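Keep in mind it's a predicted model, so treat the numbers as computed, not measured. We number each residue from 1, following the sequence as shown.
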Amino acid sequence: MISPTSYAQNLTSIGNYIFRTAPNVKSIADSVSNYAITRAGKTNFLICVDYQGMDNQSFNNEFVKAIKAAGGQINSIECDISARDFNPSAVISQAVRSRANALVLGLYVDKIKQGLAVVQSNQGQLTVFGSPTLFTDETLKQGGGINGLIISAPWYPAAFPNNIFPQKAQKLWGATVNWRTATAYDATLAIIAGLQRTNKRDELQKVLHSPDFSVDGATGKIQFLASGDRKDNPIFLVKVQQKPGTDTYEFVPIQP
């Protein structure tokens, strides 16, 4: 299996037949934490996750480690968006009183509404950093409350200027696609390239693990580590900004 969307850290420990074209949560956490602390000057982080989701438990664990390693600290307020009595406004108020100046949001796709409710309740008090899950049109439709939201993603349409994938996708789908389509496309390309070397299922795994295996995809060169994770997986940061002279919003890349 090649997963194009899961960034759960424990995916790599399931077995030698699991690969992925999406980045793992450790690389996401390192990238976001370094930017938030070294460039944005944030020091005290409230982490909001869905504790019922396994992906989000690893998200929380990796971000705690990455933030501490980069010199930041974790705010003591608990923020579990899956809790039955969860009150985003109360959580934000408590975090602000305890000197939080940044919020990290990790959630499954089915909890996007709850996550965006946290962002709306925040009203710009804390700088918000989101996981790739929030890279959706649904996020952009939230209006002014999400202005300034910073999201990590393995791809966005202008990330690779000379790549023809965005134009092909636009023609096929009749709309702009997001990173999930790009990494799914790359997972498919990897399987096709592997099958061009062997038509035996039990040998395909060896081909994909081979150091000399590579294929150029929507997100750059695709190669796999021994763990099954993508080698040199790119991670980009984008910010939600209002389009000048309009009441609509867009994802704008943050320059490295």
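- Between F224 and F213, the two ring planes are parallel [angle under 30°; tilted spans 30° to 60°].
- Inspection of the T136 and N178 side chains reveals no N or O donor paired with an N or O acceptor under 3.5 Å.
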Report task. Decide yes or no on side-chain contact (heavy atoms from CB on, under 4.5 Å) for T133 and R180, but give the supporting numbers first. Result -> CA-CA 9 Å; T133 301; R180 296 165 181 82; 4.3 Å; yes
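- At most 12 non-hydrogen atoms from other residues, nucleotides or ligands lie less than 6.0 angstrom from NZ of K26.
- Electrostatic pairing of E203 and K206 does not count as a salt bridge here, judged by no charged N lying under 4.0 Å from a carboxylate O.
- Remark: the S27 side chain and the D30 side chain contain no N/O donor-acceptor pair separated by less than 3.5 Å.
- Between the side chains of Y7 and S131, at least one donor-acceptor pair of N or O atoms lies under 3.5 Å.
- Side chain to side chain, R230 and T183 fail the donor-acceptor criterion of an N or O pair below 3.5 Å.
- Note: F165 and W155 meet the aromatic proximity criterion, with ring centroids under 6.0 Å apart.
- Counting heavy atoms from C-beta on, the side chains of L134 and L116 come closer than 4.5 Å.
- Residues I47 and I67 meet the side-chain proximity criterion, which asks for heavy atoms closer than 4.5 Å.
- Salt-bridge check for D212 with R197: passed, with a basic side-chain N closer than 4.0 Å to an acidic carboxylate O.
- Relative ring orientation between F160 and F236 is described as perpendicular, the plane-to-plane angle rising above 60° on a 0-90° scale split at 30° and 60°.
- Around atom CD1 of I164, no more than 12 heavy atoms belonging to other residues, nucleotides or ligands sit under 6.0 Å away.
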